[in-house]
Amino acid sequence: MTKKQIHLNGFAQHTVSPHAIGLWKHPDHQGSTHASTDYWVKLAQTLEKGKFDALFLADVTGVYDVYEGSNRAALEQAVQFPAHDPFLIISAMAHATERLGFALTGSATYIPPYKLARQYSTLDHLTNGRIGWNIVTSYLESEAINLGLDGMIPHDERYDRAEEYLDVVYKLWEKSWEEGALLNDPEANKYIDSTKVHPINHEGKYFKVPGVHLVEPSLQRTPVLFQAGASDRGTSFAAKHAEGIFTNTQNQKNATAELREFIRQLEPKLQKYGRTRQDVKIIPAVVTVVGGTEEEAQKKFQELRSYVDYDGAAALLSGHSGIDFSKFDPDSYVENIETNAIQSRLNNYTSTDPNHKWTIREAIQYHGFSLGSEVIVGTPEQIAARLEEISVEGDADGFNIRQTVNPSTLEDFVETVVPELQKRGIYRTDYEGETLREHYYGKGQQRLQNNHYGHSVQLEKEALV
Ligand SMILES: Cc1cc2nc3c(=O)[nH]c(=O)nc-3n(C[C@H](O)[C@H](O)[C@H](O)COP(=O)(O)O)c2cc1C
């Protein structure tokens, strides 16, 4: 019997040291060169060598200025800052690789849907169908006020808007252009059959988009849809739209149970949309620290952790949670506080392990190294064994591998852990399909699955005349 296979994404962001705060100082870290094309091409080639499904690029378009009501700590410690635009490096990486996918974050709160649909279609063409979209609703006030709003839209309303947003982009990607609309036929003197390209005439509560999609259908039409909703509202959104759900398993003693519980709560929501557990991939993030021996790995872990900067990490957790932690005693316990930013970020440090109460100091230190993901420290065999355990017992379908030091975190993983996963028969030795959706759902599955909500969105009758 074939063993359950796992999927792998490299997890990065177009900034200096996105997920390990303070490690910009580490002598082996080359994050300060992230502005160059070479940095990204090299990373993409490393991941393709390891047969990764995709490079997942996180993104925020704001500054972490909740802590102390200032951007000081974020700027001094390069906390996801400078924040370069990730859209612009994709084609360089795509040109230097053949199969690696790119799961690119785009905000449904700040990018107009008509524009986003065009960008992702263009990228899907440029990559031959290797594009995914990590749909986010965004959480930083500094994004809202610099992108034209007076303040952040409330948490649940961001998701309500995003629901309508998705309707708009499905109409553009799936319905505006019929198959065969692009003729390129000199004899008929027609490049496009205009009767087969429809304006979508969308008019809703939040968006009015009358026109036709600006780009002809790409291999996947709709990019592979990822989402990381963790709140009740967020997981309902994910159950309807996501083909891959990004999550965190931060509680090491209990991570597999935590994942099972996450999936148990997700299943009835999936059913509501005519979907099953098999229609969605669950992908937790992990940090891996690999060594030749267990002692060597532990030593490396301690050394890496010694670079974590408390102030910078506090800026990150304050930005994620929307709570200014400079106002609290660091030795007091993290309490469950209602927030308009990421609700689940605080749950990570309150509800996951009943036997461990986190102080604010501990939570900040942990967050600064892992962002609330599980840290797996050990030999390649031990890391592969733990990933298999999470996949089988926690029912995870794959992992986002976070970087601590670039390029060595992912290079080490590809050189040493990937062969162990292959030896265990739980990871591909080569790509089978060409597009990103095929990597996840098998050769031939280039388009959204038949039971996906995106197919059911209809154009208004008058739009079709
Ligand atoms: C692995 C992972 C990656 C994420 N990447 C981003 C990102 O790049 N940009 C962003 O604005 N939010 C990102 N988020 C936040 C989510 O989009 C979402 O806001 C968060 O999980 C909270 O969901 P909730 O509001 O439903 O609790 C990420 C979350 C997770 C777990």
Side-chain angles (χ1 to χ4, degrees), residues 8-15 18-19 54-64 79-81 83-87 102-111 132-144 147 152-163 165 225-242 244-250 258-259 262 265-266 269 281-287 316-317 319-322 336-352 367 370-374 396 398-403:
L8 292 175
N9 300 322
F11 192 175
Q13 193 166 330
H14 202 336
T15 184
H19 303 137
L55 169 64
F56 164 30
L57 281 163
D59 190 36
V60 291
T61 45
V63 182
Y64 284 77
V79 180
Q80 302 191 347
F81 193 87
H84 291 216
D85 187 332
F87 282 69
F102 303 95
L104 176 62
T105 298
S107 175
T109 301
Y110 301 122
I111 308 174
W133 174 26
N134 175 34
I135 309 163
V136 297
T137 51
S138 304
Y139 53 83
L140 288 174
E141 181 87 5
S142 66
E143 294 182 86
L147 289 163
M152 244 194 324
I153 299 169
H155 180 272
D156 284 10
E157 194 183 349
R158 295 202 294 273
Y159 278 115
D160 293 344
R161 276 182 90 257
E163 291 286 359
Y165 191 111
L225 302 173
F226 297 97
Q227 210 267 341
S231 61
D232 186 41
R233 188 67 188 81
T235 45
S236 295
F237 182 89
K240 184 171 169 187
H241 302 285
I245 299 183
F246 295 149
T247 180
N248 281 322
T249 62
Q250 157 268 338
E258 205 180 309
L259 269 169
F262 180 81
Q265 291 186 23
L266 183 72
K269 296 184 177 191
K281 304 290 181 199
I282 307 292
I283 305 166
V286 292
V287 177
L316 184 73
L317 187 57
H320 278 155
S321 64
N336 238 339
I337 314 168
E338 272 285 305
T339 159
N340 193 26
I342 304 184
Q343 291 183 348
S344 56
R345 282 298 193 230
L346 281 188
N347 298 349
N348 275 352
Y349 302 107
T350 52
S351 57
T352 48
H367 204 72
S370 76
L371 272 80
S373 310
E374 174 166 338
F399 301 91
N400 284 324
I401 310 297
R402 287 195 191 275
Q403 285 177 302

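Indexing begins at 1, ligand by ligand and atom by atom, following the structure's order. One is the number of the first residue; the rest follow in order along the sequence. FYI, side chains are in, hydrogens and waters are out, and symmetry mates aren't considered; it's all heavy atoms of this structure.
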Just by distance, with hydrogens left out, do [X] and [Y] show a side-chain donor and acceptor under 3.5 Å apart?
| X | Y | result |
| --- | --- | --- |
| Thr105 | Asn134 | yes |
| Ser138 | Thr109 | no |
| Gln80 | Thr15 | no |
| His84 | Gln13 | no |

For [X], which part has a heavy atom under 4.0 Å from ligand 1: side chain, backbone, both, or neither?
| X | answer |
| --- | --- |
| Ala58 | both |
| Thr105 | side chain |
| His155 | side chain |

Counting both backbone and side chain atoms, is some N or O of [X] under 3.5 Å from an N or O of ligand 1?
| X | value |
| --- | --- |
| Asp59 | yes |
| Ala230 | yes |
| Tyr159 | yes |

Handout entry: Validation row, ring centre Phe246 to ring centre Phe56 under 6.0 Å
Key =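 Yes: the rings meet the under 6.0 Å criterion.
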Handout entry: salt bridge (charged side-chain N to carboxylate O under 4.0 Å, His left out) partners for Glu157, two or more places apart
Key =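 So Glu157 forms no salt bridge (charged side-chain N to carboxylate O under 4.0 Å, His left out) with any residue.
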Can you list the atoms of ligand 1 that are under 4.0 Å from a heavy atom of [X]?
| X | answer |
| --- | --- |
| Tyr139 | 10 (C), 11 (O), 12 (N) |
| Gly229 | 23 (O), 26 (O) |
| Gly234 | 26 (O) |

Looking only at heavy atoms of [X], does any of them come nearer than 4.0 Å to an atom of ligand 1?
| X | value |
| --- | --- |
| Phe237 | no |
| Asn134 | yes |
| Thr137 | no |

Practice task
If the plane angle is over 60° it's perpendicular, under 30° parallel, otherwise tilted; pick one for His241 and Phe237.
Solution key: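 The rings of His241 and Phe237 sit tilted, inter-plane angle from 30° to 60°.
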Practice task
Not counting sequence neighbours, which residues clear side-chain contact (heavy atoms from CB on, under 4.5 Å) with Phe81? List them please.
Solution key: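 Only Val63, Leu75 meet the side-chain contact (heavy atoms from CB on, under 4.5 Å) criterion with Phe81.
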